[in-house]
Amino acid sequence: MINREMPAAKVVRIVFLGLWLVISLFPLYWILITSFKTPGAIFSYPLTYWPEVFSLENYISLFQKSSFGTYVFNSLLVATVAATVATFISMLSAYVLARFEFRSKGAVLMAFLVTQMIPAFIALGPLYLMMVQLKLVDNRFGLMLIYIAVCIPFSTIMLRGFFANIPDALEEAAMIDGCSRFGALFRVIIPVMKPGIIAAFIFNFVNCWNELFLSVTLMNKDENKTIPTALNGFISSFTIDWGSMSAAAVLTIVPTMILFAFASRYIVQGLTAGAVKG
Amino acid sequence: MSRHTTTATGRPFTRAGAPSVSPQKTTRRRSFSTRRGLVIAAFMAPAAVFVAVFTYYPMLAGSQMAFRNWNLNNLTNTDWVGLGNFQKIFADPNFYVILGNSVVWVVASIIPQFIIGFALALWLRRKFVFRGLYQALIFFPWAISGFLIGILFRWMFNGEFGVINDLLSKAGLIDAPIPWLAEPGTAMTAVIIANTWYGVTFFAIMILAALQSVPDDVYEAAALDGSGKIRTLFSITIPYISTTLALTVLLRVIWIFNFPDIIWAMTGGGPANQTHIITTWMIAITQRGDYGQASALGLIVVAILLVFSAFYLMAIREKKGARS
């Protein structure tokens with residue numbers, strides 16, 4: 001039976017789980033600690049595992065030496081708009097894919113799944129040329145359009161799973177009471193789906209917030225750069241200023257960690273639902 | 001039964017065997033089904049348009065560039081060159097180094113990810129105090145992008161002030177600091193360690209979900225038959241979830257093969273191409289403006305992954321067939 005465990009096995013289990021916890025949190029701890037050290041303390045022996053002085057110097061110099069505030073603003077703007085639009089559009093397509101049977105349904109689902117498998121980098125060059133023609137290179141609106149398209153397939157698949165869990169009877173009742181299909185969706189189904197929709201939004205937001213290669217290809221002017229694009233510039237320079245770099249990394253990571261803490265349960269559900277059934 | 005009924009199945013409203021309907025009813029049904037079609041079209045259209053225009057069009061355009069001379073620095077000559085780009089790639093000795101790197105990168109990352117992820121899942125199956133909190137904490141690395149993970153590990157593997165050298169020398173394992181990312185031999189090890197750290201959680205989550213799908217009575221029956229713990233694991237649990245495991249591994253192989261972010265941030269493919277995998281190389285070539293060659297490489301990646309997946313799925317099916 002599962003419930004009987006020998007003492008030795010228990011020790012092994014606890015040691016292993018404890019060790020893995022330390023290993024998985026240490027890199028986060030280390031970047032956080034580094035960011036609060038004085039630049040002098042970062043580059044001196046012996047290394048300290050707890051800063052002698054907590055200093056905000058790295059954060060201040062990050063904002064002074066680079067236009068980090070602008071990058072944060074750009075990332076926030078692009079990720080918020082793209083994630084909102086993508087989540088709304090995916091909600092519509094996921095609803096149809098969960099509720100209706102139609103001939104091209106299998107093909108649509110397949111087309112969405114395939115985008116998750118093929119190396120998207122093959123599209124980098126053509127996307128750049130396309131954006132040149134549309135006069136949307138180095139333009140935040142152009143980046144949003146591409147991010148929306150990138151987000152749609154996975155969030156459609158994820159939301160479809162959530163819709164499938166809601167009984168048909170709910171909207172049928174609403175439609176008998178005189179709601180249109182649109183009305184039933186927005187007044188009855190979506191309020192029930194709120195957690196799933198929020199999870200999809202967070203997932204999309206985090207993906208846009210983190211995206212690197214598309215924005216590196218499309219954004220050149222400093223005033224248009226998102227955070228990852230700017231960091232890519234920092235690491236390409238000859239010497240890396242690890243003080244500002246660690247501060248920038250912390251400021252990039254913390255918002256996504258907070259968001260993920262809310263949504264992780266639903267994201268895990270969305271991820272595993274398809275896989276285990278298949 | 002006549003062929004009539006069998007051919008008509010799947011279309012619920014026009015089943016041939018159904019009693020005939022009055023003309024009035026047919027028109028009502030038709031208008032219902034056109035409205036239904038309109039709803040489907042209206043709800044699907046935005047998603048379909050976005051994915052078609054910004055994902056499929058550029059991917060297909062990219063595929064045809066693979067057969068052309070397409071360089072941002074020389075746009076006057078965009079002739080069709082047939083397999084010229086592929087020939088250039090296959091003639092480049094770097095390609096074989098990078099192909100080898102890609103295989104090492106995938107295999108050496110996925111094996112420890114799988115083993116540690118499996119162990120975590122087995123141990124997380126049992127309830128304990130703070131299990132929810134524990135899962136949430138080890139899930140955190142997932143909120144971070146691969147690129148930032150690369151930056152974190154680049155700092156930790158720093159040759160002079162990196163914490164990994166410090167810990168290793170404190171443990172008495174090394175005498176002098178190792179310039180991890182500057183040496184060809186150790187750079188690959190370093191990027192693989194970072195990737196392993198990042199990927200364990202994925203396996204833990206997927207395997208835990210699979211384990212929880214095994215019904216309890218299967219275990220009870222095994223225990224009644226006097227099966228020990230290890231025996232139960234290998235002859236009951238693993239066979240039960242083997243299909244899920246096999247598919248999870250396949251998805252992961254495809255994903256890691258296409259995952260340049262960590263390497264990009266840690267080494268940029270250096271030193272001397274020793275940590276370039278095909279996708280990082282492809283991005284480097286794209287940034288130089290040689291879209292023709294980059295697209296050809298992309299098609300090579302797709303071909304490799306298709307062939308691999310086909311063989312892999314065939315092997316799984318054969319094995320399953322042999323067992324049952």
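The chains referred to below are lettered A, B, ... by the order of the sequence lines, with proteins before strands, and numbering in each begins at 1.
- In this structure, Trp20(A) and Val200(B) have side chains that are in contact, with non-hydrogen atoms separated by less than 4.5 Å.
- For the pair Leu17(A)/Leu120(B), a side-chain contact is recorded, criterion being any heavy-atom separation below 4.5 Å from C-beta on.
- Aromatic pair Phe213(A)/Trp264(B): ring centres closer than 6.0 Å.
- Side-chain contact between Val51(B) and Pro153(A) is present, with at least one heavy-atom pair separated by less than 4.5 Å.
- Around CZ of Phe130(B), the count of heavy atoms belonging to other residues, nucleotides or ligands within 6.0 Å does not exceed 12.
- In this structure the side chain of Glu160(B) never reaches within 4.5 angstrom of the side chain of Phe43(A), judged on heavy atoms.
- With hydrogens and angles ignored, the 3.5 Å screen pairs no side-chain donor or acceptor of Tyr291(B) with any backbone N or O of Leu129(A).
- Taken from CD1 in Ile138(B) to CD1 in Ile23(A), the straight-line distance is 11.5 Å, to the nearest 0.5 Å.
- In this structure, CG on Leu231(A) lies 6.0 Å from CG on Leu148(B), to the nearest 0.5 angstrom.
- Among Gln212(B), Arg154(B), Met59(B), Gln135(B), the residue with the largest count of heavy-atom pairs under 4.5 Å with chain A is Arg154(B).
- Tyr95(A) places no side-chain N or O within 3.5 Å of a backbone atom of Phe43(B) that could act as its donor or acceptor partner.
- A donor-acceptor contact closer than 3.5 angstrom links the side chains of Trp155(B) and Thr34(A).
- Here the straight-line distance linking atom CD1 of Ile253(A) with atom OG of Ser145(B) works out to 7.5 Å at 0.5 Å rounding.
- Within the 4.5 angstrom heavy-atom criterion, only side-chain atoms of Asn158(B), from C-beta onward, approach chain A.
- If you measure heavy-atom distances from Ile207(B) to chain A, you find no contacts under 4.5 Å at all.
- Heavy-atom contacts from other residues, nucleotides or ligands closer than 6.0 Å to OH of Tyr57(B) number 12 or fewer.
- Ranked by heavy-atom pairs under 4.5 Å with chain A, the first of Leu122(B), Val163(B), Thr286(B) is Val163(B).
- In this structure, chain A has no heavy atom under 4.5 Å from any part of Tyr198(B).
- Looking at Ile283(B), only its side chain comes within 4.5 Å of chain A, counting heavy atoms on both sides.
- Of the residues considered (Leu305(B), Val49(B), Ile116(B)), Ile116(B) shows the highest number of contacts with chain A, using heavy-atom pairs under 4.5 Å.
- For the pair Tyr49(A)/Asp166(B), a side-chain contact is recorded, criterion being any heavy-atom separation below 4.5 Å from C-beta on.
- Options Phe128(B), Tyr56(B), Trp255(B) differ in how many heavy-atom pairs under 4.5 Å they form with chain A, and the most are formed by Tyr56(B).
- In this structure, Thr256(A) contributes its side chain and Ala143(B) its backbone to a donor-acceptor pair below 3.5 Å.
- Only the side chain of Phe153(B) comes within contact range of chain A, judged by heavy atoms closer than 4.5 Å.
- In this structure, Ile230(B) places its CD1 atom where only 12 or fewer heavy-atom neighbours from other residues, nucleotides or ligands lie under 6.0 Å away.
- Side-chain atoms of Leu145(A) and Val53(B), non-hydrogen and from C-beta on, never get closer than 4.5 Å to each other.
- Neither the backbone nor the side chain of Phe259(B) comes within less than 4.5 Å of any heavy atom of chain A.
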